[in-house]
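Here the structure is laid out as structure tokens; the discussion comes afterwards.
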Amino acid sequence: MTVLNPAGWRPEMGERISAALEAPETVTGNRALHLEEPLLFEVGRMDHCGVDFDDVPGSPLAGLALRSAPVDLPGLSEPEAVRHYTRLSRQNYAIDLGLFPLGSCTMKHNPRLDEKVARMPGFADVHPLQPTATVQGALKVIDQLADWLVKLTGMAAVAMTPKAGAHGELCGLLAIRAALDARGDTRDVILVPESAHGTNPATAAFAGFKVEAIPATDDGRVDTAALIGKLGPHVAGVMITNPNTCGLFERDLKTIADAVHAAGGYVYCDGANFNAIVGRVRPGDLGVDAMHINLHKTFSTPHGGGGPGAGPVVLSEALAPFAPLPFVKPGADGALRLVEEADGDTDAPQAFGRMCAFHGQMGMFSRALAYILSHGADGLAQASGDAVLNANYVLRRLEHVLHAPFGAAGPCMHEALFSDDGFAEGFATLDLAKGLIDEGYHPMTVYFPLVVHGAMLVEPTETESKADLDQFITAMESLGERARAGDPALKSAPHFAPRRRVDETRAARKPRLVWTEQGA
Ligand SMILES: *Cc1c(COP(=O)(O)O)cnc(C)c1O
């Protein structure tokens, strides 16, 4: 194995840490900055209170509002509570700590400039119920961002309110449903390729459609002939991801879109991976009718643990009249207003309804617009080019040790896909992923897409420098070699994480959400 020496990192650093971890146990269980942390319920005591309240025997409240039973919450001092959460946060991996190679999730650096802009009081402190005359600047941000999204995608309109990619999918399919209803058409099947993100079939089912799967070809793309063969008067539309979740561009999208339109259906494109093509391809030119854009992927806003997110949906001429409320529109006096109601024949008479109570996530809009304006159109094209270059660098540097199922088909887009083919008997993708934790990385996306056995999907994004990529590649090369050789130490990785292997299936299926006292 070639040992690289990227800037700032030397192999002996790893040896130093390993030597330290082989040191004897400590009485606290801590190892310098690696702090062991019990549960709050184990730190605090139920019969304790973090604050001393005066006894007020003669209080008029006595006997009225006084609690008769203990609250059963641990009593903690302020520093105890603060330290607990700070320690836990330090056991977490974060994009500000290191490369986060999760394929499809597009984990990239969130520029501090965008954070600064989002914290400006005029954006951060506005209230959704404020009179629009007092929030013209904020409305202008929504309007300008909408304009960029429409132009970058070559579409007719955009619904800004959906709060995530999956919510955007629902918005797009509801617009398709509304367009079909408007022409009295009851077709109810959505075609979804096998390689699609799980949210696609889930959304179609949730929106009341029946889902039919489209197989993939051996080169990792949608089987165009099979898809066209399924078209007919019952097909409401297709949901296609482009670039797809194998990290490949769907070259036949225009042909597919033309066939779907000729058969009376609509084309939904899962645009979560727009970061690979922004500034280079306009989905509108490929015949797309609706596409969500994950601002937290392409436009670098933070991925919050389930929110607050934003997944605006761009719409074609055909679907634009059905866009949900509310939206920003200039009034006769030039001032911007929020169209909140379908208003006779002037405003949005065919809007299908609302996706959320207010107008969407202001904090994400201000960050995304700051990102776009700081890059400009040429900078966005360079970001997608660099993302694709980085992914291809990872693909080509690793394919000698990790099997790349579509490596021979040519360059990839924004993510590199590997399989567990060639691992020693009994060794799987999970072992390599656990080994990556010991090497100081969050594991890549594993076992997705389902069309590849033991899939490992790596998306470095444009954020990473060559030195950072080289260090990651060195770790992956070493782990790939250990998985091929059947190194038993890899089977029991991670060795250095606060917890070793946990039963992830049981944790997901049967979570224990209520703390019970040991022995109780
Ligand atoms: C991330 C992603 C989604 C879902 O987006 P969320 O914002 O997480 O709801 C859908 N499809 C693809 C291909 C994705 O990568």
Side-chain angles (χ1 to χ4, degrees), residues 95 100-108 110 149 159-174 190 192-207 211 214 216 220-222 238-250 253 267-278 283 288 290-314 355-356 360-361 363-365 367-368 384 387-388 391 412-417 442 444-452 455-461:
I95 194 68
F100 217 115
L102 273 179
S104 203
C105 297
T106 317
M107 307 297 291
K108 58 192 193 186
N110 309 133
L149 298 181
M160 297 296 286
T161 55
K163 300 220 173 159
H167 202 211
E169 291 169 26
L170 181 63
C171 173
L173 289 197
L174 292 178
I190 295 282
V192 182
E194 276 174 353
S195 63
H197 198 267
T199 49
N200 289 192
T203 300
F206 189 75
V211 178
I214 304 291
R221 294 182 170 85
V222 172
V238 296
M239 289 182 96
I240 293 196
T241 309
N242 200 21
N244 70 22
T245 51
C246 295
L248 302 171
F249 192 78
E250 293 287 359
L253 186 52
V267 178
Y268 187 93
C269 179
D270 182 330
N273 302 330
F274 191 46
N275 62 309
I277 56 172
V278 62
V288 168
M291 181 181 96
H292 69 265
I293 300 167
N294 303 52
L295 296 189
H296 45 288
K297 294 180 183 171
T298 305
F299 299 111
S300 202
T301 66
H303 291 239
V313 177
V314 286
M355 292 302 293
C356 63
Q361 292 293 359
M364 297 300 123
F365 298 158
R367 285 176 175 89
S384 59
V388 171
C412 61
M413 295 296 290
H414 56 301
E415 50 200 3
L417 180 58
H442 191 289
M444 73 301 268
T445 293
V446 292
Y447 300 106
F448 176 80
L450 304 177
V451 290
V452 165
M456 288 171 268
L457 192 59
V458 176
E459 180 172 7
T461 83

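This one's a predicted model, so the numbers in the text were calculated from it and none came from an experiment. Both counts, for ligands and for their atoms, begin at 1 and track the order of listing.
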Contacts of type ring pair (Phe, Tyr, Trp, His ring centres under 6.0 Å), residue His296, not counting sequence neighbours: His303
Test side chain to side chain contact (heavy atoms under 4.5 Å, CB included) applied to Leu149 and Val313, Thr298, Ile293, the passing residue: Ile293
Enumerated ligand 1 atoms positioned under 4.0 Å from heavy atoms of Ala272: 2 (C), 11 (N), 12 (C), 13 (C), 14 (C), 15 (O)
Distance from atom 1 (C) of ligand 1 to nearest protein heavy atom, with residue and atom: Lys297 NZ, 1.4 Å
For His442, ring pair (Phe, Tyr, Trp, His ring centres under 6.0 Å) partners two or more places apart: Phe100
For atom 6 (P) of ligand 1, closest protein heavy-atom neighbour: Gly165 N, 3.4 Å
Asn294 N/O to ligand 1 N/O under 3.5 Å: yes
Residue and atom name of the nearest protein heavy atom (relative to atom 11 (N) of ligand 1), distance in Å to one decimal: Asp270 OD2, 2.5 Å
Atom 9 (O) of ligand 1: the protein heavy-atom neighbour that sits closest, reported with distance to 0.1 Å: Ala166 N, 2.8 Å
Numbered atoms and elements of ligand 1 in range of Ala164, under 4.0 angstrom, heavy atoms: 7 (O), 9 (O)
Close N or O approach (Thr245, ligand 1; < 3.5 Å): no
Cys105 N/O to ligand 1 N/O under 3.5 Å: no
Side-chain donor-acceptor pair present, Glu415, Ser104, cut-off under 3.5 Å: no
CD1-CD1 distance between Ile240 and Ile214, expressed to the nearest 0.5 angstrom: 8.0 Å
Ser104, any N or O under 3.5 Å of ligand 1 N or O: yes
Distance-only donor-acceptor check, side chains Glu459 and Asn275, under 3.5 Å: yes
Reported NZ-to-OG1 distance for the pair Lys108 and Thr461, which is rounded to 0.5 angstrom: 6.5 Å
Proximal atoms of ligand 1 relative to Thr199 (non-hydrogen, under 4.0 Å): 10 (C), 11 (N)
Exercise: do His292 and Asp270 side chains pair donor with acceptor under 3.5 Å: yes
Among His296, Met239, His167, closest by any non-hydrogen atom to atom 8 (O) of ligand 1: His296
